[in-house]
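Take a look at the structure below.
The structure displayed is predicted, hence computed values, not measured ones. Below, chains carry the letters A, B, ... as their sequence lines are ordered, and counting in each starts from 1.
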Protein chains: 2
Amino acid sequence: MTHRPSIKDIARVAGVSPSTVSRALAGSPRISEQTRQRIQTIAQELNYTPSLAARTLVTGASPMLGVIAPSLADPYVAAVMQGVEAASHDRGFQRLVASSQGDPEQEVAMMQLLVGHDVAGLIIISSRIPPEHGAGLPRFDIPVVFINAFHPGEGIYHVMTDNEHGGWLATTHLLERGHTRVAYLGGPQQGRSHTARLAGYRRALEEAGYAYQPSWVVPGDGTPQAGRKALRWWLRQPESQRPTAFFCYNDLSALGLLSEAYQQGVAIPEDLSVVGFDNAPLAEISIPPLTTVEQKARELGRQAVASLLAALASKPVTDVILRGELIPRATVAAPRVSVIRDQ
Amino acid sequence: MTHRPSIKDIARVAGVSPSTVSRALAGSPRISEQTRQRIQTIAQELNYTPSLAARTLVTGASPMLGVIAPSLADPYVAAVMQGVEAASHDRGFQRLVASSQGDPEQEVAMMQLLVGHDVAGLIIISSRIPPEHGAGLPRFDIPVVFINAFHPGEGIYHVMTDNEHGGWLATTHLLERGHTRVAYLGGPQQGRSHTARLAGYRRALEEAGYAYQPSWVVPGDGTPQAGRKALRWWLRQPESQRPTAFFCYNDLSALGLLSEAYQQGVAIPEDLSVVGFDNAPLAEISIPPLTTVEQKARELGRQAVASLLAALASKPVTDVILRGELIPRATVAAPRVSVIRDQ
DNA sequence: TTGAAAGCGCTAACAC
DNA sequence: GTGTTAGCGCTTTCAA
């Protein structure tokens with residue numbers, strides 16, 4: 001296999017200059033229909049593909065967007081990615097994807113790397129860089145959009161789920177069904193989503209007149225294993241003091257909790273009600289189907305691309321906040337024994 | 001924001017020539033330790049990042065691998081991607097990821113596109129390009145690795161799961177538990193995986209002395225919805241002729257089947273046994289936990305990268321076939337009524 | 001040990 | 001409507 005054909009090769013065959021080829025292929029109006037045809041045919045025959053590296057070099061902008069996520073295995077990330085994919089594809093951009101394994105240092109390293117690849121902009125999903133670090137973020141001359149993280153700055157934009165509201169929604173739903181002892185299974189500590197959902201949980205509690213109990217916030221990390229552990233924690237509590245419901249950081253950990261409950265003979269929702277977060281595709285097919293708070297993940301991805309491209313076009317961009325609804329399914333019921341308000 | 005600093009900027013500040021900077025940064029031995037230090041410091045201060053586009057242009061090879069998958073939402077794809085991610089990251093390669101939405105034409109278009117980006121090689125996950133089309137595949141002068149698809153050719157390599165064996169494993173497991181009426185819920189028709197699993201299913205049946213019944217192969221596409229439909233199909237069969245077990249193309253559709261069974265009051269595994277394929281993370285937390293055939297998805301991804309880089313280094317590369325084991329969990333039991341061998 | 005010069009493939013003035 | 005020229009940021013001869 002000889003080397004990839006370049007416009008020079010086409011020019012030679014067509015007997016024209018390289019710039020004519022460039023123009024013909026770019027669809028410049030100032031070229032005769034005839035030569036355009038001829039050149040396009042030759043390009044086809046030679047199986048020509050333009051070198052985007054060269055084009056990038058001269059135009060200074062490449063049709064690539066950099067995307068960074070803590071993990072590619074998380075269904076939430078996958079959903080966001082689909083939105084990013086769809087929107088960017090429509091606008092003619094490719095995506096350079098990197099995962100940071102949830103490590104803030106890796107994350108910064110990835111940013112550097114992608115910038116080196118001349119990406120036109122950066123989308124960062126669920127950044128784990130601590131907010132304090134904010135000012136220490138490396139400055140690039142390309143726009144950056146954070147999805148569900150907040151690092152204010154020039155050229156930095158945000159697309160977020162209203163996590164506080166979501167947490168409030170989930171907890172209120174439980175409270176309205178008569179639960180007075182609601183626990184929260186947390187997510188990654190560094191994450192802003194976790195903190196916001198926790199805050200919403202707390203607000204709902206307090207608005208309803210219940211004291212916030214730190215001991216009912218069980219630490220987690222958003223994995224099914226965390227859900228399993230949470231259920232075992234629940235079983236260890238004295239029966240009279242057990243929460244009657246769990247609001248979980250995400251569907252994945254809620255699903256883990258469901259699974260462990262099944263194995264331990266705990267009936268859901270009879271013995272324990274559960275609400276998740278995300279409305280992942282799996283939530284619909286879980287057993288029983290999981291009540292959850294919708295997160296418009298695809299929409300987040302789509303919006304992030306929209307914001308990025310708007311910024312690129314020097315249009316004004318404002319941060320956007322998306323609210324999801326509560327999706328009632330089958331993991332919530334009234335508590336078996338209506339406990340007397342004990343606060 | 002002024003433009004990204006280039007080696008020229010560094011050279012000017014350091015009072016040396018651009019080539020010296022290039023050498024210093026590349027770690028060439030023919031440079032004084034002193035200047036190297038100085039240049040590196042300046043590079044740091046200027047927040048310099050090399051332009052990979054420029055480097056690609058001159059070296060002719062970029063540190064990017066192109067990856068194409070039908071969908072990014074599929075957990076199996078996500079797992080393969082993790083393997084690809086891990087292996088390529090270790091070797092200093094980034095990944096340019098594109099999804100084809102399962103459309104063969106898009107797939108070819110994506111190949112072209114990624115080649116235009118000067119990727120060093122291509123990894124294609126579960127290609128939907130029909131095998132006959134094989135010879136019509138565009139020829140590139142970069143190595144291509146297909147994961148779970150087969151398109152022989154020069155510079156084309158394969159990493160596959162032994163799907164035939166997996167299908168045989170699942171079916172045999174069911175047969176050994178006393179099932180005589182085993183149905184197969186299929187996957188995407190164009191996919192090679194589907195055909196191979198079906199073939200294994202058929203072989204197991206015939207080896208055990210049962211006739212293969214085309215009417216027991218229910219068409220599907222690997223989604224949970226396909227699983228739901230399959231269960232409803234099952235319910236419509238006259239009770240005396242109903243299969244007592246299902247081997248499903250993948251875990252996702254098996255999970256859908258489980259969910260529908262729960263909603264219709266069909267007890268798993270008492271009324272119906274189910275075996276999936278993939279051993280997705282979700283299989284472990286399903287209710288009941290799903291018996292399935294392991295697919296070493298991460299390993300597939302890892303191997304694909306290894307093969308690609310080996311080919312790139314002009315080392316001999318052979319196709320690799322990975323076998324997974326049957327993971328017995330809780331969705332298989334002996335059939336309720338031991339049906340008399342009726343074939 | 002360092003510099004000068006050429007060139008990777010392409011686009012974009014600027015000519016004609 | 002088409003050709004000429006220069007240059008994007010980098011690496012890599014070839015000289016010194």
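A/Q112 and B/T49 make their closest contact through O-CG2, 3.5 Å (heavy atoms, listed as atom of the first residue, atom of the second, distance). For the pair A/L114 and A/G66, the tightest heavy-atom approach, listed with the atom from each and the gap, is CD1-CA, 3.7 Å. Between A/R95 and A/F93, the shortest heavy-atom contact is NH1-O, 3.1 Å. Closest non-hydrogen pair, A/L57 versus B/S51, comes out as CD1-OG, 4.2 Å. The two residues A/Y48 and A/P5 come nearest to each other via the heavy atoms CD1-O, 3.3 Å.
A/D319 places a side-chain N or O within 3.5 Å of a backbone atom of A/H158 that can act as its donor or acceptor partner. Side-chain atoms of B/D90 never come within 3.5 Å of backbone atoms of B/A87 as a donor-acceptor pair (strictly under, hydrogens ignored). The backbone N or O of A/T161 sits less than 3.5 Å from a side-chain atom of A/N148, completing a donor-acceptor pair. The backbone N or O of B/T56 sits nowhere less than 3.5 Å from a side-chain atom of B/S62 that would complete a donor-acceptor pair.
The side chain to side chain donor-acceptor pair (under 3.5 Å) test with A/R36 is passed by exactly one of A/Q34, A/E33, A/Q40: A/E33.
Classification of the B/F146-B/H151 ring pair by plane angle, with boundaries at 30° and 60°, yields tilted.
Note that CD1 of B/I142 and CZ of A/R4 are 8.0 Å apart. Values are rounded to the nearest 0.5 Å.
Mapping heavy-atom proximity under 4.0 Å, the span of DNA chain C touched by chain B runs 5' to 3' from C/dT1 to C/dG9. Where DNA chain D meets chain B (any atom under 4.0 Å from a heavy atom), the bounding nucleotides read 5' to 3' are D/dC8 to D/dT13.
Relative to the axis of its first five pairs, the axis of the last five pairs of the helix from C/dT1-D/dA16 to C/dC16-D/dG1 sits at 40°, rounded to 10 degrees.
Among the protein residues, A/R30 comes within range of the nucleic acid bases, having at least one heavy atom under 4.0 Å from a base atom.
DNA chain C is contacted by B/V16, B/S17, B/S19, B/T20, B/R23 of residues 7-29 of chain B, taking any non-hydrogen atom closer than 4.0 Å. Within residues 38-52 of chain B, the residues approaching DNA chain D are B/Y48, B/P50, B/S51, by heavy-atom distance under 4.0 Å.
Toward the 5′ end of DNA chain C lies the nearest nucleotide of B/T35, the other residue of the pair A/A53 and B/T35 mapping further downstream.
With salt bridges taken as basic N to acidic carboxylate O contacts below 4.0 Å, none links A/R128 and A/E107.
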Considering only distance and modelled atom types, tabulate donor-acceptor pairs under 3.5 Å from the side chains of residues 297-308 of chain A, sequence neighbours left out.
| residue | atom | partner | partner atom | Å |
| --- | --- | --- | --- | --- |
| A/R298 | NH1 | A/Q82 | OE1 | 3.3 |
| A/S307 | OG | A/Q303 | O | 3.2 |

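Judged purely by distance below 3.5 Å, without hydrogens or angles, the side chains of A/T20 and A/S17 pair a donor atom with an acceptor atom.
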